[in-house]
2 protein chains.
Amino acid sequence: MNLKQLSELLGLSQTTVSRALNGYPEVNEATRERVLQAVKETGYRPNKAAQRLATGKAGSIGLVMPTAPDHYSDVHFGEFLTGLGEEAVRHDFHFVIMPADPNDEVGALRRLAISGNVDALFVAYMRGHDPRLPMLKSLSMPFLVHGRSFGSEPDYPYLDIDNEAAFYDAARLLLQLGHTRFALLNGPEHLDFAIRRKNGLVAALSERGLTVAEDCMSHTSMTDELGQSAMERFLQMPERPTAILCSSTVLALGAIRAVNQAGLRLGEDVSLIAHDDVLPHLKPENFSVPLTTTRSSLRAAGVRIAQRLIGTVKQDGPFPEQELWKTELIVRASTGPAPRQDQNLGGV
Amino acid sequence: MNLKQLSELLGLSQTTVSRALNGYPEVNEATRERVLQAVKETGYRPNKAAQRLATGKAGSIGLVMPTAPDHYSDVHFGEFLTGLGEEAVRHDFHFVIMPADPNDEVGALRRLAISGNVDALFVAYMRGHDPRLPMLKSLSMPFLVHGRSFGSEPDYPYLDIDNEAAFYDAARLLLQLGHTRFALLNGPEHLDFAIRRKNGLVAALSERGLTVAEDCMSHTSMTDELGQSAMERFLQMPERPTAILCSSTVLALGAIRAVNQAGLRLGEDVSLIAHDDVLPHLKPENFSVPLTTTRSSLRAAGVRIAQRLIGTVKQDGPFPEQELWKTELIVRASTGPAPRQDQNLGGV
DNA sequence: TCAATGTTCCAAAGCGCTTTGACAAAAGCA
DNA sequence: TGCTTTTGTCAAAGCGCTTTGGAACATTGA
C-alpha cells in the first residue's frame with residue numbers, strides 16, 4: 001500500500017492525504033479523520049526512503065561506538081541510551097551506529113557523517129582536549145555532545161551537568177560535618193566528568209587548606225567490584241579517610257561492601273556521598289543505609305539530548321546551544337559528623 | 001554534485017555513469033576509468049536516499065540493544081561488533097540500533113522491522129526457548145542469529161560455535177589427566193552458550209560416572225572480578241576442585257588471580273581451561289602460565305555474520321542457512337596431571 | 001449584490017538514483 | 001559484400017513521497 005493507492009481508495013489527492021498525515025492545517029478535520037481511519041484499516045506506512053529523498057531528512061542520528069573494554073561498557077551508558085531511545089521512538093527517529101576502534105574514533109565519526117545515513121551526530125564520553133571536537137566543527141552537520149571537553153574552547157553545543165559544583169557542594173557538606181580526610185572513587189581519569197569532579201573536590205578542600213592525598217584517589221571503570229577493591233585499599237591506610245566521594249552509586253555499592261566487611265558503620269565511621277545517575281535498579285534510598293547523593297538523571301539527559309538533536313534536524317528550534325544542569329544534593333543517612341580523632345585511627 | 005551534473009561534466013548519460021560506478025559489464029573500460037577519475041576529482045557521492053528509493057535496499061542491518069546491566073555490556077560484545085563493523089564498512093552497509101528495555105525485546109525487534117529502516121535483522125545473546133524466534137520467523141525480513149536457542153526447533157538461520165563439543169572435549173582432556181573434581185565458571189545461566197557448555201561438561205563427566213557439584217558451578221556476567229570471587233569460593237571448599245572450566249579468558253583472568261593469591265600453582269595444583277574468544281587485549285599465550293583454551297574468534301564470527309547478512313540482502317547468495325563452527329582445543333601450560341590426592345586436600 | 005477573503009483540495013513538478021528498452025556503431029560471419 | 005551479433009551508449013520511465021502554485025468553492029462585509 002502506497003500513498004497513491006491510499007489516496008485513490010479515499011477519492012482524495014495524494015497531496016491532501018500527505019498533508020492530513022503530516023498535520024498540516026489546510027485540511028478539513030473531517031477529512032483528516034477519514035484519512036487517519038483509512039490508515040488504521042489498511043496499515044499504510046509511508047515509505048521511508050521516499051520520504052527521505054523528498055525531504056532530505058533521514059530521520060536518524062548517528063553515534064560511534066568504541067568497541068573497547070571500559071568504553072560504553074557500563075550500566076550508565078545503557079541508561080543514557082534508554083533515554084535517547086525513548087525520545088527517538090516518539091519521533092520515529094532511529095540511531096545509526098558505527099562500531100569503531102577507539103584509536104580511530106575521529107575517522108569513524110567522519111565516515112559516519114559523509115555516509116549520508118545520518119542527519120546529526122551525537123558524541124559522549126568526552127575527554128580533555130577531545131580531538132573529535134575540531135573535526136565535528138569542520139563538518140557541516142549538526143551535532144551535540146553529552147558532557148564537555150576540559151581544555152577545549154566551549155563553543156560547541158553540549159548538555160552537561162555541573163560536575164564540579166556537584167562535588168564541590170558535596171565536599172563542603174562533609175567539611176561542615178567536620179571531616180578532614182577525604183577520598184575519591186572516580187571514573188576513568190581521562191574522562192571529562194572525572195576531571196571536573198576531582199576539581200570540585202579539590203577546590204572545596206583547598207578553601208580550608210586541605211588536600212586529597214594522591215593515593216586516596218582511585219580512577220577506575222565504574223563497576224561495584226572496582227569500587228570495593230579501591231575502598232578496601234583506602235580502609236587499610238594508617239590514617240584512613242572518613243569522607244568518601246564517589247562518582248557513581250555503582251562504585252558506592254562495592255565501596256559500602258568494603259565498609260561493612262571492615263566492620264565499620266556507614267554514616268558514622270565513614271561518610272559517603274555518591275553521584276546518583278538515577279539508575280532504576282540501584283536507588284540510593286534503598287541502600288541499607290540510605291545514601292546521600294548528588295543527583296541528576298542520566299535518562300532525562302538522554303531524552304533531552306534526543307529532543308534537541310531531533311528538534312534541530314526538524315528545525316523546530318531554537319534550542320539553547322549549551323545547557324549545564326545543576327545537580328541536587330540530597331542528604332540521607334550515609335553522611336554524618338566526622339568521628340572523633342582517636343576513633344578514626346583504630347583498625348577493624 | 002549529483003549524478004546528473006557529473007554525467008553532464010563527462011558528456012555521458014546518467015545511465016552510463018551509474019553503470020560505470022556500479023560495476024556493470026556493458027561499459028567500456030576506458031569510459032569507466034574516466035568516470036572513476038571524475039568521481040575522485042569532484043568528490044561525488046551517490047545520494048543514499050535516492051539509491052535506496054530506486055533499489056528498495058537501505059543498505060543497513062538492524063539490531064536491538066537491550067539497555068540493561070549484564071547485557072551487551074561486556075568486552076565480548078564489543079569484539080563481536082568490531083567484526084560486524086569491519087565487514088559492514090567494506091560493503092558500505094550500516095547498523096541501525098534500537099535501544100530497548102530487555103522486557104520488550106520482541107516488541108523492539110518488531111518495531112525495528114516495520115520501521116522500514118533496515119533490510120535485515122541480527123540477534124544475539126540467545127536464551128533457551130527464545131521468544132524472539134517465532135516473531136522473527138513471522139516477519140518477512142531476512143535475519144540471522146548468533147548462537148542458537150536451546151529448546152527451539154533449529155529451523156532458523158544461525159551461526160554458532162559448538163559450545164557443547166568444546167567443553168566436552170576440554171573436560172575429556174582433564175579427565176584423561178586424572179582430574180575428578182571439576183568446577184565451572186560460566187556465563188549467565190539463561191544464555192544458550194552457557195547452557196550448552198555446561199551440558200558438554202556434564203556429558204563428559206557422566207561417561208565416567210562423575211558429576212559437578214551444584215556449588216561448583218558459577219553463573220555470572222563475564223568480568224574478571226566475578227571470576228575471581230567465584231574462584232575464591234571454589235578454593236575454600238573442603239574438597240576443592242582441581243579442574244576448572246571457564247567460559248571466558250576474562251573470567252579466567254580473575255580466577256587465576258584467586259589461584260595465585262591462594263598460593264597455588266596453575267597447571268599443577270589447579271588445571272584450568274578457558275574458552276578463548278580471541279580478545280586482542282587478552283591473549284591466553286601471554287598469561288604468566290599460558291592458558292589451555294578452546295578457541296574460536298568472536299570477531300571472525302562477526303565478520304562472517306555480516307557477510308551472510310549483507311550477501312542475503314544483496315542476493316549474492318546462496319549461503320548455508322546454519323553454520324556450526326568447531327572450536328580448537330589448544331593445550332598450553334595451564335593444564336597438567338591431577339595432583340595426588342593427599343596434596344589436594346591441603347589448604348593454602 | 002459583488003468583490004474580497006478564507007478554506008479545502010488538486011495537478012504536477014521535483015528529490016537523485018536505477019533500470020528498461022532502443023539504437024547506433026563496431027565486430028564477426030558467411 | 002550483406003547479414004547477424006556484440007558492444008557501448010542513451011532517453012525516459014519509474015521508485016513513493018513532499019511541496020509549490022493554483023483553482024474551486026464557501027463565507028464575509030459593505
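To find a chain, count down the sequence lines: A is the first, B the second, and so on, and within it residues start at 1.
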_On DNA chain D, compare the nucleotides closest to B:Val17 and A:Ala50; which residue's is nearer the 5' end?_
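The 5'-side residue here is B:Val17.
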*Lys/Arg-Asp/Glu bridge criterion (N-O < 4.0 Å) met for A:Asp119, A:Arg52*: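 Answer for the salt bridge query: no.
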*Could you tell me the separation between the CG atom of B:Asp162 and the CD atom of B:Glu323, rounded to the nearest 0.5 Å?*
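The distance works out to 13.5 Å.
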*asked:* Return the CD1 to CD distance between B:Ile310 and B:Gln315, rounded to the nearest 0.5 Å.
replied: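 Answer rounded to 0.5 Å: 14.5 Å.
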Pairs under 3.5 angstrom, nitrogen or oxygen only, protein versus nucleotides 7-9 of chain D, please.
{"unit_1": "D:dT9", "atom_1": "OP1", "unit_2": "B:Thr31", "atom_2": "OG1", "d": "3.0"}
{"unit_1": "D:dT9", "atom_1": "OP2", "unit_2": "B:Asn28", "atom_2": "N", "d": "3.4"}
{"unit_1": "D:dT9", "atom_1": "OP2", "unit_2": "B:Thr31", "atom_2": "OG1", "d": "3.1"}

*Within this structure, what is the CG-to-P distance between B:Leu10 and D:dC10, rounded to whole angstrom?*
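These atoms are roughly 10 Å apart.
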Whether the side chain of [X] engages the backbone of [Y] through a donor-acceptor N/O pair (distance < 3.5 Å, no angle test) should be reported.
X: B:Arg45; Y: B:Met1; result: no
X: A:Glu79; Y: A:His76; result: no
X: B:Arg132; Y: B:Ala124; result: yes

*asked:* Using a 4.0 Å heavy-atom cut-off, does B:Thr55 contact any base of the nucleic acid, only the sugar-phosphate backbone, or nothing at all?
replied: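 Answer is sugar-phosphate: B:Thr55 comes under 4.0 Å of backbone atoms only.
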Identify each donor-acceptor pair in which a side-chain atom of residues 150-159 of chain A lies under 3.5 Å from a protein atom, sequence neighbours left out, and give them as a table.
{"unit_1": "A:Ser152", "atom_1": "OG", "unit_2": "A:Ser149", "atom_2": "OG", "d": "2.9"}
{"unit_1": "A:Asp155", "atom_1": "OD1", "unit_2": "A:Lys137", "atom_2": "NZ", "d": "2.9"}
{"unit_1": "A:Asp155", "atom_1": "OD2", "unit_2": "A:Lys137", "atom_2": "NZ", "d": "3.4"}
{"unit_1": "A:Tyr156", "atom_1": "OH", "unit_2": "A:Ser149", "atom_2": "N", "d": "2.8"}

*Using the heavy-atom set of chain A and a strict 4.0 Å cut-off, write down the first and last nucleotide of DNA chain C that makes it in, 5' to 3'.*
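Endpoints of the contacted stretch of DNA chain C: C:dT8 to C:dG16.
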*asked:* What verdict does the side chain to side chain contact (heavy atoms under 4.5 Å, CB included) test give for B:Leu139 and B:Met135, after you've listed the backbone C-alpha separation in whole Å, the side-chain angles of each residue and the deciding distance to 0.1 Å?
replied: CA-CA 7 Å; B:Leu139 255 34; B:Met135 203 283 281; 3.9 Å; yes
